Amino acid sequence: MAKVQNIKGMRDHLPQAMLLRQHIVATVQRVAERYGFEPLQTPVVEYAELLEGKLGDDEKLIYRFADHGDRNVALRYDQTVPLARVVAQYAGQLTLPWRRYAYGPSYRGERPARGRYREFYQFDADIVGSSSPLADAEIVALLSDALEALGFPGFTTMLNHRQVIGGIARTSGLDETAAGGVYRAIDKFDKLGVDGVNTELVRMGVNSAAADQILALVQIDGDPNAVLTELEARLAADTRAVAALANLRAIIVALDAMGVSPSRYRIAPRLARGLSYYTGLVFETSTPHWPAGSLLGGGRYDELIGQFAGRPIPTVGLAFGLDRLHDVMAELGLGPRPTTTAVAFVTIFGPEHTAASLALARALRAGGVNTLLSLETGALGKQFKEADRKGVRYVLVLGPDELTRGEVVLKDLRGGDQRSLPQAEVLAALLAAR
RNA sequence: GUAGCCGUAGCUCAAUGGUGGAGCGCCUGAUUGUGGAUCAGGAGGUUGCGGGUUCGAUCCCCGUCGGUUACCCCA
């Protein structure tokens, strides 16, 4: 017999988890559509060469194999590269700027850890074909609205710009080739602290004066405007950094005008992210209630799509990590926690009353009430028990007494009270109670 | 990729180199027109899988699969 077991890092999502996951997706989708984003779906399998050359060292994490036609294929590791392919492939059919969202699984052959899986679901939202800071701001506003709609009690989005990090490295006397390690080191600031990052920087050959300067810049924190002003002063010699800071300032001005509370974001020069294809804004949202990693992240990547399209197409976007959002919400008790989809449970009093119960169930369903029908007849106790265990709130009984009077017994399992009412009124009663 | 820890009933976990237990859950009944609470009874195990050591392995050793923690990495 085949092994009854999952592939490492791949999970089943049983009904109780799915109900919360679907709530999350529906909520985020509703917000995205509020901003006029349109849905896109692409296959999980792509030509391997499409994904190669975008990830750097992470290429070894790509799931790849030969298909039945000996094609060299791979499972997508994110939804951004497929987006780039679509934009290039359907250039004539898409009106830019294009706002699109996508929801689905991606795959990475890395070691599973808390909140990280080999098959993971993401909800992506991107604005393709605009370099306006309004696009960057809209993405940040969208994520703020979405997390608030989901009921997150406290979250903060850290904003940074790739050329601010570049400027920090350059003004500290580091060349671009050494910068990669520096980015990784400062990205660990929250985990390692000042001394830890300093040790790390020195260990990779940064002299201590430069390390001190990097650490001083990276620790700048506080009111977004004040942080920008301070960075502008300290990085004034680096023209690219100055431009980046002006860009960030334009973004937060737009955020304020869009109604995003300044308490929801910070300018964080220490935020690095992977950076492999980011060119401008980078951001990451986290909550103090979940120390292990961020809820979502994103940024501006103005060059990636151009690699496929043959002309530059500036784009900014984000990805919600569904698995992590779900884990955090489940742990914090956020969101609805239904155990089933049904609201009503129709019992069958006995074999001879089957038709009447079926007709009742049909009428409730036609009226828009999610209705579970008993598949057993008689033994009302067992039927009630099934309804109770499923978490269905209302149970309906159609016995000989009720049928004679043209009524139905409606019992609320939550409170335990029940009443008998005319059949014609049951639907309205359930709709009102819901 | 490196190192550690874990894997026993549906779930959470005990146990001993010598016939594997509990709580919760589940099933049946008390209750042939009503779930939860209570009481009584019951079912449920190749101790992840494979190999080795041993008279004998759930326990010790090796491998493997899965989970998990810290590193690495995190598009």
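Letters A, B, ... mirror the listed sequences (proteins, then strands); counts begin at 1. Any value given below was found using the heavy atoms of this structure, including those in side chains, with hydrogens, waters and symmetry copies removed. Values in this document were obtained by computation on a predicted structure and should not be read as measured data.
- Pairing of B:A57, defined by two Watson-Crick or G-U wobble distances under 3.5 Å, is not identified with any nucleotide.
- To the nearest whole angstrom, the two P atoms, one in B:A3 and one in B:U64, are 12 Å apart.
- Partner assigned to B:A3 is B:U69, using Watson-Crick or G-U wobble distances below 3.5 angstrom.
- Rounded to whole Å, atom P of B:G36 lies 18 Å from atom CZ of A:Arg393.
- Pair check for B:A9 finds none; no Watson-Crick or G-U wobble contact set falls under 3.5 Å.
- Among B:G36, B:G67, B:C73, the nucleotide with an atom closest to any side-chain atom of A:Lys188 is B:C73.
- Nucleotides B:C49 and B:A43 are separated by 24 Å at their P atoms, to the nearest Å.
- Minimum atom distance to the side chain of A:Gln418 is reached by B:U34, of the listed B:G36, B:U34, B:C73.
- The nucleotide whose nearest atom lies closest to any side-chain atom of A:Arg111 is, among B:U2, B:C26, B:G33, B:U2.
- The nucleotide B:G35 finds no pairing partner, because no Watson-Crick or G-U wobble arrangement with both distances shorter than 3.5 Å includes it.
- A donor-acceptor pair shorter than 3.5 Å cannot be found between the side chains of A:Asn160 and A:Tyr278.
- Pairing for B:A14 is absent, judged as Watson-Crick or G-U wobble with the two contacts each under 3.5 Å.
- Nearest heavy-atom pair across A:Ala48 and A:Ala74 is CA-CB, 3.9 Å.
- Nearest to the side chain of A:Leu413, among B:G33, B:G35, B:C26, sits B:G35.
- B:C61 and B:U53 have their C1' atoms separated by 7 Å, with the value rounded to a whole Å.
- Ring planes of A:Tyr301 and A:Tyr277: tilted class, angle from 30 to 60°.
- Across all strands shown, the partner of B:G63 is B:C49, judged by Watson-Crick or G-U wobble contacts whose two distances both fall under 3.5 Å.
- Relative to the side chain of A:Val397, the nucleotides B:C26, B:G67, B:G33 differ in distance, and B:G33 lies closest.
- For A:Arg116, the listed nucleotide lying nearest its side chain is B:C74; candidates were B:G67, B:U34, B:C74.
- In the set B:U34, B:G35, B:G67, B:G35 carries the atom at the smallest distance from any side-chain atom of A:Lys385.
- Looking at the side chain of A:Phe384, the nearest of the listed nucleotides B:G66, B:U34, B:C27 is B:U34.
- Using modelled atom types and a 3.5 Å distance limit, the side chains of A:Ser374 and A:Gln383 yield a donor-acceptor pair.
- B:G20 is unpaired under the Watson-Crick or G-U wobble criterion, no partner having all donor-acceptor distances under 3.5 Å.
- Separation of the C1' atoms belonging to B:G50 and B:G7 is 15 Å when rounded to the nearest angstrom.
- B:G67 atom P lies 10 Å from atom OH of A:Tyr117, rounded to whole Å.
- The pairing partner recorded for B:C26 is B:G42, the criterion being a Watson-Crick or G-U wobble arrangement whose two distances lie under 3.5 angstrom.
- The side chain of A:Leu380 sits closest to B:G33 out of B:G33, B:U69, B:G35.
- A:Asp401 comes within 4.0 angstrom of a base, heavy atoms only.
- Counting any heavy atom pair closer than 4.0 Å across all strands shown, A:Phe120 reaches a base atom.
- Looking at heavy atoms from C-beta onward, A:Thr156 lies in side-chain contact with A:Arg266 at the 4.5 angstrom threshold.
- Of the candidate nucleotides B:G33, B:U28, B:G35, B:G33 has the atom lying nearest to any side-chain atom of A:Glu402.
- For the residue pair A:Thr42 and A:Arg76, a side-chain donor N or O sits within less than 3.5 Å of a side-chain acceptor on the partner.
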